[in-house]
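Report on one structure; see the data block that follows.
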Amino acid sequence: MKVNIFTKLASATVLSTVLSAAMFVAAPVACAADHAKCQHKIEKAEIKLDEAVRKHGERSSQAESRRRDLNAERERCWNVYKGWWDGHEHRWHDSRDWEDHH
């Protein structure tokens, strides 16, 4: 009877340890995937802004609209990661200064 209780307790402990370890491994992977999605959305918004500037001019209403979209994407990333991606420099920034970069 004592062996049976010990076996159940040991099994529960091992299972708990394995599940805890899995959470520590899975969380960074999910975070990295979300980080990549954020980067991709910013890159798409930058491309749309560049196209609007090329077609309609730097201060056109189309460019201003795309610039607002880009800033909104950067704001979303900033709120989650406290950083924003600059596709032209190919790097993450850790200060909220994206209005100074375009």
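The basis for the numbers below is simple: all heavy atoms, side chains too, and nothing from hydrogens, waters or symmetry mates. Here the structure is a predicted model, which means the values were calculated and not measured.
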Looking at every non-hydrogen atom in both residues, tell me the closest pair between [X] and [Y] and how far apart they are.
X: Ala52; Y: Ser60; value: O-OG, 4.3 Å
X: Tyr81; Y: Cys38; value: CE1-CB, 3.9 Å
X: Ala63; Y: Gly57; value: CB-O, 3.4 Å
X: Glu46; Y: His88; value: OE1-N, 4.0 Å

Query raised in the report: With Gln39, which residues qualify under side chain to side chain contact (heavy atoms under 4.5 Å, CB included), at least two apart?
Result: Glu43, Trp85, Trp92

Query - Test log, rule side-chain contact (heavy atoms from CB on, under 4.5 Å), inputs Trp98 and Leu70 - result: CA-CA 10 Å; Trp98 53 81; Leu70 173 59; over 6 Å; no

Report task. Under the side-chain contact (heavy atoms from CB on, under 4.5 Å) rule, what do Glu75 and Arg96 come out as? Steps first, then yes or no, please. Result -> CA-CA 9 Å; Glu75 183 74 32; Arg96 194 180 176 282; 2.4 Å; yes

Report task. Begin with the C-alpha distance, continue with both residues' side-chain angles, and end with the deciding distance and a verdict on side-chain contact (heavy atoms from CB on, under 4.5 Å) for His40 and Glu73. Result -> CA-CA 10 Å; His40 179 70; Glu73 287 300 331; over 6 Å; no

Query - Parallel, tilted or perpendicular: rings of His93 and Trp84 (30°, 60°) - result: parallel

Requested in this report: Mark yes when over 12 heavy atoms from residues, nucleotides or ligands other than Lys44 sit less than 6.0 Å from its NZ; otherwise mark no.
Outcome: no

Rounded to the nearest 0.5 Å, what separates atom [atom1] in [X] from atom [atom2] in [Y]?
X: Leu49; Y: Arg54; atom1: CG; atom2: CZ; result: 10.0 Å
X: Arg74; Y: Arg76; atom1: CZ; atom2: CZ; result: 12.5 Å
X: Ile42; Y: Asn71; atom1: CD1; atom2: CG; result: 10.0 Å

Query raised in the report: Sub-3.5 Å donor-acceptor pair from the side chain of His56 to the main-chain atoms of Val53, do we have one?
Result: no

Report task. Evaluate salt bridge (Lys or Arg N to Asp or Glu O under 4.0 Å) for Glu51 paired with Lys48, printing each intermediate quantity in order. Result -> CA-CA 5 Å; Glu51 289 173 354; Lys48 288 180 180 181; over 6 Å; no

Report task. Start with the C-alpha distance between Glu58 and Arg67, add both sets of side-chain angles, then the distance that settles salt bridge (Lys or Arg N to Asp or Glu O under 4.0 Å), and finish with yes or no. Result -> CA-CA 10 Å; Glu58 181 72 29; Arg67 194 170 286 110; 2.9 Å; yes

